[in-house]
A.B. asks: 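Shown below is the structure under consideration.
Predicted, not measured: the structure shown is a model, and the values here were computed from it. One-based numbering, in listed order, for ligands and for the atoms of each.
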Amino acid sequence: MRMRKPFIITIDGPAGSGKTTTARLVAERLGFPYIDTGAMYRAVAYAVLSEGLDASDEPSICRLVQRITVESVTVDGVRRTLLNGVDVEPYIRSREISRLASIVSAIPCVRQAMVARQRAAVEGVKGAVLEGRDIGTVVFPDAPCKIYLVADSRTRAERRRLQLAAQGQEVDASTLEREIAERDAFDASRSHSPLRKPEDAVEVDTTHLTIKEQVDAIVGIAGEKMTQSGGTNA
Ligand code: DC
């Protein structure tokens with residue numbers, strides 16, 4: 001019997017556009033697994049840092065990526081990022097890792113390895129929500145439901161400031177606005193899988209939306225697409 005393809009919801013967008021919180025809650029509402037692909041690149045960056053590798057040493061990074069296992073999973077509603085089976089989530093949200101993740105994610109062998117794992121992670125599931133930069137364009141170009149989240153740069157910087165403050169890191173919003181702009185420019189200009197809006201994505205501007213409004217909007221769009229596609233990707 002032919003397996004039904006999972007109903008994939010892709011949520012792409014720049015840093016701080018609200019992808020993580022939204023994707024997690026949308027997945028919870030629909031009873032689907034949620035995969036934070038940015039966390040996977042952050043875990044690779046953490047491994048690069050832990051091994052003392054230089055971010056420009058591509059051959060060593062390619063060898064490292066073949067040796068490690070990286071997974072984004074949700075356990076009892078809590079996101080976990082597993083590097084070789086160990087949860088590194090507490091260590092991968094710093095500004096240093098944000099910067100390094102953006103650099104290592106531009107390396108083709110890193111992308112190849114992560115994309116293969118992202119595709120394998122949804123095999124056999126009914127549906128899944130994946131968030132990142134290239135999910136609707138490269139990882140699942142045939143996904144039936146694609147969302148592109150945006151928000152103005154000041155709002156995004158303020159969200160990041162609050163997240164870092166909650167972890168005890170006080171950074172002013174204007175510094176973060178500059179860092180986010182630099183990272184977005186780098187992510188959008190790299191030659192492999194740059195950040196861009198998929199042509200068939202629905203754009204949702206979260207600047208003036210509450211989290212509940214964002215989640216309701218996307219669950220609504222997903223419901224319509226699910227009806228149109230008969231509940232699958234096929
Ligand atoms: O979403 P995030 O801020 O956790 O992502 C960290 C970095 O990982 C981001 O600067 C670019 C990279 N990334 C990517 O290249 N492709 C993805 N699908 C997700 C993230």
A.B. asks: Atoms of ligand 1 less than 4.0 Å from S102 heavy atoms?
C.D. replies: 10 (O)
A.B. asks: Is it the case that more than 12 heavy atoms not belonging to R154 sit under 6.0 Å from its CZ atom?
C.D. replies: no
A.B. asks: With a 3.5 Å distance limit and no angle check, can you tell me whether R161 reaches the backbone of A173 through a side-chain donor-acceptor pair?
C.D. replies: no
A.B. asks: For atom 20 (C) of ligand 1, what is the nearest protein heavy atom, given as residue, atom name and distance?
C.D. replies: G38 CA, 3.5 Å
A.B. asks: Considering non-hydrogen atoms of the protein only, which is the closest contact for atom 8 (O) of ligand 1, and what is the distance?
C.D. replies: Y41 CB, 3.6 Å
A.B. asks: S17 and side-chain contact (heavy atoms from CB on, under 4.5 Å): which partner among D205, L149, I180?
C.D. replies: L149
A.B. asks: May I ask you to identify the nearest protein heavy atom to atom 6 (C) of ligand 1, giving residue, atom name and distance to one decimal place in Å?
C.D. replies: R183 NH1, 3.6 Å
A.B. asks: I need the minimum non-hydrogen distance between R190 and L195, along with the two atoms involved.
C.D. replies: NH2-N, 4.5 Å
A.B. asks: Would you say K225 and F7 make side-chain contact, with heavy atoms under 4.5 Å?
C.D. replies: yes
A.B. asks: Under the side-chain hydrogen bond (donor to acceptor under 3.5 Å, both in side chains) rule, what do D172 and T175 come out as? Steps first, then yes or no, please.
C.D. replies: CA-CA 6 Å; D172 62 280; T175 304; 3.0 Å; yes
A.B. asks: Can you tell which of R42, K19, M114, R111 gets a heavy atom nearest to atom 16 (N) of ligand 1?
C.D. replies: R111
A.B. asks: Go through ligand 1 atom by atom and flag the ones less than 4.0 Å from a non-hydrogen atom of D187.
C.D. replies: 9 (C), 10 (O), 11 (C)
A.B. asks: Do me a favour and list the nearest non-hydrogen protein atom to atom 19 (C) of ligand 1 with residue, atom name and distance?
C.D. replies: T37 OG1, 3.4 Å
A.B. asks: Only distances under 3.5 Å count here; give the side-chain donor-acceptor pairs of residues 44-52 to other protein atoms, sequence neighbours excluded, each with its distance to 0.1 Å.
C.D. replies:
| unit_1 | atom_1 | unit_2 | atom_2 | d |
| --- | --- | --- | --- | --- |
| S50 | OG | Y46 | O | 2.7 |
| E51 | OE1 | R67 | NH2 | 3.4 |

A.B. asks: Heavy-atom contacts with R190 under 4.0 Å: which atoms of ligand 1 show up? List them by number with element.
C.D. replies: 14 (C), 15 (O), 16 (N)
A.B. asks: Please report the closest heavy-atom contact between T206 and A151, naming both atoms and the distance.
C.D. replies: OG1-CB, 3.4 Å
A.B. asks: Quick one: which ligand 1 atoms are inside 4.0 Å of a heavy atom on D134?
C.D. replies: 16 (N), 17 (C), 18 (N)
A.B. asks: Give me the residue, atom name and distance of the protein heavy atom closest to atom 17 (C) of ligand 1.
C.D. replies: R133 N, 3.3 Å
A.B. asks: For S105, counting its heavy atoms only, list the atoms of ligand 1 lying under 4.0 Å from any of them.
C.D. replies: 11 (C), 12 (C), 15 (O)
